[in-house]
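What follows is a short report on a single structure.
Order of the sequence lines fixes the chain letters, A, B, ..., with proteins taken first and strands second; residue numbering starts at 1 for each chain. When reading the values below, keep in mind they use all heavy atoms of this one structure, side chains included, and skip hydrogens, waters and symmetry mates. Because the structure is a prediction, the values reported are computed rather than measured.
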Amino acid sequence: MFVYADNAATTAVSPKVVEAMLPYFTEVYGNPSSLYTVGQKAKEVLEESRERIAKILGAAPREIYFTSGGSEADNQAIISAARIGAKKGKKHIISTKFEHHAVLHTLNVLEKEGFEIELLDVHSNGVVTPEQVRDAIREDTALVTIMYANNEIGTIQPIDEIGAICKEKGVIFHTDAVQAVSHVHIDVKDQNIDMLSISAHKFHGPKGVGVLYARGGIVLTNVINGGAQERGKRAGTENLAGIVGMTVALEDAVANIDANNEKFAKLQDRLIEGLSNIPYSELNGDRVHRVKSNVNFCFEGIEGESLLLLLDDKGISVSSGSACTSGSLDPSHVLLAIGRPHEVAHGSLRISLGEDATEEQVDYIIKSVAEVIEYLRSFSPFWGDLVSGKRPHVFAEHKEAV
Amino acid sequence: MALYSEKVMDHFRNPRNVGVIENADGVGEVGNPVCGDIMKIYLKINDEKVIEDVKFETFGCGSAIASSSMATELIMGKPLSEALALTNQAVTEALDGLPAHKLHCSVLAEEAIKSAVRDYYDKNGIEYDPKDFPDPEVEACHV
């Protein structure tokens with residue numbers, strides 16, 4: 001059986017999206033900046049796509065900027081807010097410890113430039129509270145940037161409340177919604193979101209295209225300099241096929257959020273219940289406030305890369321937050337942020353289901369994970385030490401399902 | 001190219017000499033759970049100072065398991081002197097290479113064997129120069 005269960009990493013482009021994109025490679029291939037017919041046709045489609053995406057997000061078309069993806073959108077949003085703040089002497093930026101690296105590494109750059117970066121602690125359930133944000137905001141706060149849903153553990157943040165606080169305090173609020181936009185209903189105006197990033201390939205669109213929404217009045221700083229595309233704020237000939245594909249994919253995803261969530265909820269329950277039966281394991285992140293397709297577990301006594309590779313041998317594609325899979329010395333900063341000790345963070349597994357997932361596949365995942373963990377534990381000296389009591393367990397043998 | 005060579009994947013999928021030797025003549029354990037890998041090597045050593053049997057247990061990534069497996073194969077039936085001369089480079093080469101950030105796994109394999117031999121020396125009152133052996137007290141994660 002082949003089960004692709006790493007949809008938080010990327011998704012397959014849907015056939016409908018591929019079909020929608022094709023004319024823009026060979027027929028309407030004109031440059032939208034060109035004045036002749038095939039260029040103007042492209043321009044028309046570009047603007048129509050902008051309108052359609054704006055409508056989905058509750059934004060105005062002129063507030064939608066096409067980018068190369070989520071990372072670029074995050075970079076531009078944060079840098080722009082920093083420049084706006086700096087002009088008014090505001091150099092304090094609030095974020096969280098478990099943001100995507102596109103956010104954290106951009107903040108690192110700003111810190112070196114003299115900005116003060118305050119990363120909020122994340123509670124053990126993988127959620128930051130509005131009160132934390134309220135308490136952290138100062139007179140000189142230039143930006144609050146908090147992800148909508150975490151990419152590893154899927155926890156959904158209280159974006160409505162944070163948006164309201166930021167509006168009240170007059171602070172720009174950016175959210176990286178890359179992992180959320182196809183799972184929750186977003187309306188940037190209702191939610192007081194000033195800037196928002198999305199990426200097409202997370203919802204069956206193509207790779208290499210995304211959106212930065214920036215509320216009217218927010219002056220963006222270019223991160224790509226050159227031509228006057230995107231109202232002069234993002235140079236480079238527009239990736240029209242990609243933009244069209246993203247538009248179709250987003251419309252599809254958003255139209256099906258409720259139906260998909262209903263289906264995902266059942267599979268998620270089944271998966272969490274099944275994996276909880278593995279002794280000394282625990283779900284990472286809040287049971288309720290999470291993306292319905294995401295399940296993330298830590299297992300004691302095993303290492304995530306081995307688990308991932310052996311699951312791959314069984315036809316299951318998943319990911320892990322172990323140091324070995326990241327190529328660094330430390331395991332996932334997300335798992336560390338929610339208070340998991342290193343030794344269990346190394347033994348993590350993220351399953352992100354696709355819309356076509358079945359109960360049969362979920363049962364196969366549960367059975368396979370249980371088998372592989374039993375096997376890896378059978379010759380893990382760490383597990384041996386846990387069993388013999390030489391090292392203390394971190395988790396209970398069985399945790400009551402909430 | 002895939003992350004790992006076919007040899008690494010073979011030793012990872014079908015590790016040789018997995019397990020425990022009861023009443024082993026020497027046992028060595030290196031690494032720690034915080035760093036994400038622990039290797040434990042068990043040696044059965046005969047009167048001629050030849051490794052009659054070797055087994056391992058490993059907690060770690062694919063290359064850690066493969067490196068342990070390969071290292072046990074390389075020293076099985078060999079005199080202790082040869083086991084002590086085993087380098088991490090030899091383990092890496094025998095595996096047809098490891099990605100740069102996984103080379104520490106082969107270092108752990110070398111150190112686990114040395115640590116098991118040291119344990120054998122300690123148990124049998126055989127003198128040795130501690131400088132020839134890894135420091136068992138080092139707890140920092142390898143780079």
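Note: Asp313(A) leads Leu307(A), Leu376(A), Asp313(A) in heavy-atom pairs under 4.5 Å with chain B. Contact count against chain B (heavy-atom pairs under 4.5 Å) is highest for Ser306(A) among Gly384(A), Ser378(A), Pro341(A), Ser306(A). Residue with the most contacts toward chain A among Cys61(B), Ser63(B), Gly62(B), Gly60(B): Cys61(B) (heavy-atom pairs, distance under 4.5 Å).
How far CZ of Arg391(A) is from CD1 of Ile38(B): 4.5 Å, rounded to the nearest 0.5 Å. The distance from the CG atom of Asn32(B) to the CZ atom of Phe382(A) is 9.5 Å, given to the nearest 0.5 Å.
For Glu374(A), the CD atom counts as loosely surrounded, since its 6.0 Å shell holds 12 or fewer non-hydrogen atoms of other residues, nucleotides or ligands. By the neighbour-count criterion of 12 heavy atoms within 6.0 Å, atom CG of Asp47(B) is sparsely surrounded, having that number or fewer from other residues, nucleotides or ligands. Within 6.0 Å of NZ in Lys49(B) there are 12 or fewer heavy atoms belonging to other residues, nucleotides or ligands.
Interface residue Ile65(B): only side-chain heavy atoms are found under 4.5 Å from chain A. Contact of Arg377(A) with chain B is not made at all, since no heavy-atom distance falls under 4.5 Å. Heavy atoms of Ile302(A) lying under 4.5 Å from chain B belong exclusively to its backbone.
In plain terms, the two heavy atoms of Glu343(A) and Phe59(B) that are nearest each other are O-CZ, 4.5 Å. The two residues Val34(B) and His346(A) come nearest to each other via the heavy atoms O-NE2, 2.7 Å. Heavy atoms only, all atoms of each residue included: Tyr375(A) and Phe12(B) are closest at OH-O, 4.4 Å.
Side-chain atoms of His342(A) never come within 3.5 Å of backbone atoms of Pro33(B) as a donor-acceptor pair (strictly under, hydrogens ignored).
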